[in-house]
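Okay, structure first, notes after.
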Amino acid sequence: MTVNMSDYIEKARKLGIEIPAVSWEDIDRDIRPVLTKMEESGVKLNLPAFEKLSLKLSRKLASLEKEICDLAGKQFNVNSPSQLATVLFEDLALPTESIKRIKTGLSTSASELRKIQDQHPIIKHILEYREIAKLITTYLKPLPLLADENSRLHTHYGLETATSRLTSYEPNLQNIPIKGTYGPEIRQAFVASEGMKLISADYSQIELRIAAALSGDTVMLDAFKHGEDIHSRVASEVFAKPVSEITHSERRIAKIVNFGILYGVSAFGLAQQTGLPQDQCHELISRYFEAHLGIKQYIDEMSRLAKEQGYVETLFGFRRELYNIHSTNHYLAEADERIATNTPIQGTAAELLKLAMIKLDKELAVFCHSCAGRNLKIPDQVGDDVRGIPKIIMTIHDEIVVEAPAAKAKEISELVEKVMTEVVKLPIPLEVTVGVGDNWGETK
DNA sequence: ACAATGGTCC
DNA sequence: ACTCGGACCATTGTA
């Protein structure tokens, strides 16, 4: 047995991780039929709600466009970055010192515009215009056109990514809005069929937990073991004060630091995101690594592995080649170093979700079988093909959405939580947040 | 048809 | 010069 035990399974065992004896290739083979079923099931849209919101926002967009052109003193295409740059930085002569230069001139991206938001009332209008235009053109208009005769929307899932994550396309259901004023409204228009409920279950901080497990960082492992708020905990470390004294703003910054670590943060990037001066960000990063020697070691180890073997691997052996790790172009070489730290974490998270989906799909079948004599089926009051069978209908990187008969939703939500929580045994618990509702916005 | 820009999600 | 991982998609403007 141990003779043929793969390297990565042995590696996992040493980290105190118990994983099933499967490779990423086994996982991808077994997830495919599950994905196909999800594609065929689809998710139901509340089309009248789409129509209503679309109309409301279209009116708002038109009035914003008029206000913007009035403030600009001329008619122009607000959708055109080049025309917009001319209006802002030539016609209105707004300050350009802090604005990023791009190939074609001055950037008009939201992050740049926010820097000069106080300089002119037009900026706020433009930001709101962009937000609303995005929602209309990317979601509200196209999605209903892709729905079938039962108002169900069928995405396609792909397996070809650099990290073993899934993709979703035509349409992409993995970037449906959730933030902002209207994000929740859009999610509320993703609904359960009559007699059914939506169950949404997502892993909380799965990437940070995997980082803790893969690195063996004792401080982070300890924090997760005790169920601490990881962002507040890191805030107390980098700002050197007790958790009880951490402010909302300090926690927000620590959250950005935590994400930055997963992505291979630089002081510059952190400054960009937090709005703090770069030298203070440098200080925060130093303090972070002082408090998390295990994480520092992990990053160095991945960098070393990348240089030695030219690739890194996920927990289940998915390999990513790093072609630029030895490049004399430092920018490219450093980019590969960041990829080397991130890929095992992001990739392992993706593999755990796939494993959970494979197991859940089987468990749901078992559940249905055991319910066979208990009148589980909902009479076909709907024209579609669901009729009371619980199904996985969507996945969004760390989240699984199930559609289940209302009468069994509670029971099934507990099954979903159990399968996801127990998919592998890490030295720390995997936490899952579950919600049940009549629509996707309600399950949070 | 394609590059550039910008924006949504995890 | 230029900065933080992974995706998909819409629009503009040029070829």
Side-chain angles (χ1 to χ4, degrees), chain A residues 76-85 100-113 126-127 129-143 146 155-180 182-183 186-187 202-208 210-211 256-274 278 281 285 299 302 312 314 320 322 329-350 353 394-400 440:
Chain A
F76 72 104
N77 186 349
V78 186
N79 292 317
S80 163
S82 87
Q83 292 182 41
L84 182 59
K100 181 161 71 174
R101 265 83 180 166
I102 54 178
K103 289 180 187 174
T104 53
L106 291 159
S107 170
T108 67
S109 69
S111 61
E112 299 306 306
L113 293 187
I126 292 164
L127 291 173
Y129 177 96
R130 284 250 182 89
E131 180 186 352
I132 291 171
K134 176 74 176 179
L135 298 181
I136 295 173
T137 61
T138 307
Y139 306 102
L140 294 174
K141 289 293 184 190
L143 294 188
L146 294 169
T155 186
H156 302 80
Y157 289 104
L159 289 169
E160 289 79 37
T161 60
T163 59
S164 94
R165 266 192 177 184
L166 297 172
T167 61
S168 162
Y169 59 94
E170 284 175 30
N172 181 3
L173 290 187
Q174 296 184 322
N175 70 346
I176 302 301
I178 188 169
K179 299 169 188 167
Y182 307 103
I186 291 179
R187 290 212 171 194
D202 65 279
Y203 284 113
S204 65
Q205 285 127 11
I206 188 168
E207 291 194 356
L208 284 174
I210 288 168
I256 296 173
V257 171
N258 270 327
F259 277 103
I261 295 304
L262 299 177
Y263 301 153
V265 76
S266 66
F268 182 93
L270 201 59
Q272 203 74 358
Q273 284 243 343
T274 58
Q278 203 171 316
C281 289
I285 294 170
I299 292 172
M302 288 308 116
V312 291
T314 64
R320 180 166 183 185
L322 301 165
N329 180 336
H330 289 181
Y331 172 68
L332 293 179
E334 283 167 17
D336 265 7
E337 292 206 21
R338 291 191 292 271
I339 292 170
T341 67
N342 177 263
T343 293
I345 297 168
Q346 182 182 127
T348 300
L353 192 88
M394 285 195 283
T395 177
I396 305 97
H397 306 306
D398 64 354
E399 173 182 7
I400 298 174
W440 197 13

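Convention: sequence-line order gives letters A, B, ...; per-chain numbering from 1.
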Note to self: Measuring only the P atom in each nucleotide, how far is B:dG7 from C:dT3? A whole number of Å is fine.
What the structure shows: 16 Å
Notebook entry, point to check: Which value, in whole Å, describes the distance between the P atoms of nucleotides C:dC2 and B:dT5?
Noted result: 11 Å
Margin query: Quiz question: by atom type and distance under 3.5 Å, do the side chains of A:Ser107 and A:Glu112 form a donor-acceptor pair?
Written below: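 No, because no side-chain N or O of A:Ser107 sits under 3.5 Å from a partner of the opposite role on A:Glu112.
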Check: Phosphate oxygens OP1/OP2 of B:dT5: is one of them under 4.0 Å from a side-chain N or O of A:Ser82?
Finding: no
Next item on the list: Report yes if a side-chain nitrogen or oxygen of A:Thr108 is closer than 4.0 Å to either non-bridging phosphate oxygen (OP1 or OP2) of B:dG6; otherwise report no.
Entry: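 So the side-chain polar atoms of A:Thr108 do come within 4.0 Å of the phosphate oxygens OP1 or OP2 of B:dG6, strictly under.
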Round to the nearest Å and state the distance from [X] atom [atom1] to [N] atom [atom2].
{"X": "A:Tyr182", "N": "B:dG7", "atom1": "OH", "atom2": "P", "value": "17 Å"}
{"X": "A:Glu337", "N": "C:dT3", "atom1": "CD", "atom2": "P", "value": "17 Å"}
{"X": "A:Leu208", "N": "B:dC10", "atom1": "CG", "atom2": "P", "value": "15 Å"}
{"X": "A:Phe259", "N": "C:dC4", "atom1": "CZ", "atom2": "C1'", "value": "12 Å"}
{"X": "A:Leu106", "N": "B:dA4", "atom1": "CG", "atom2": "P", "value": "18 Å"}
{"X": "A:Lys103", "N": "C:dC2", "atom1": "NZ", "atom2": "P", "value": "9 Å"}
{"X": "A:Tyr139", "N": "B:dG7", "atom1": "OH", "atom2": "P", "value": "12 Å"}
{"X": "A:Gln273", "N": "C:dT3", "atom1": "CD", "atom2": "P", "value": "13 Å"}

Note to self: Please give me the minimum heavy-atom distance between A:Val312 and A:Ala340, naming the atom from each residue.
What the structure shows: CG1-CB, 3.9 Å
Check: Where do A:Ile345 and A:Glu207 come nearest, in terms of heavy atoms and distance?
Finding: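 A:Ile345 and A:Glu207 have their closest heavy atoms at CG2-O, 3.4 Å.
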Hey, does [Y] have a side-chain heavy atom less than 4.5 Å from the side chain of [X]?
{"X": "A:Arg338", "Y": "A:Tyr263", "answer": "no"}
{"X": "A:Ile396", "Y": "A:Ile176", "answer": "no"}
{"X": "A:Leu106", "Y": "A:Arg101", "answer": "yes"}

Touch class at under 4.0 angstrom, heavy-atom based, for [X] against every strand present:
{"X": "A:Leu135", "value": "nothing"}
{"X": "A:Gln83", "value": "sugar-phosphate"}
{"X": "A:Ile345", "value": "nothing"}

Next item on the list: Sugar-phosphate atoms are those with a prime plus P, OP1 and OP2; base atoms are the rest. Using that split, label each nucleotide of nucleotides 5-11 of chain C B, S or - for protein heavy atoms under 4.0 Å, 5' to 3'.
Entry: BBSBSSS
Notebook entry, point to check: Checking side chain to side chain contact (heavy atoms under 4.5 Å, CB included) for the pair A:Arg130/A:Thr108: CA distance, chi angles, key distance, verdict?
Noted result: CA-CA 11 Å; A:Arg130 284 250 182 89; A:Thr108 67; 2.9 Å; yes
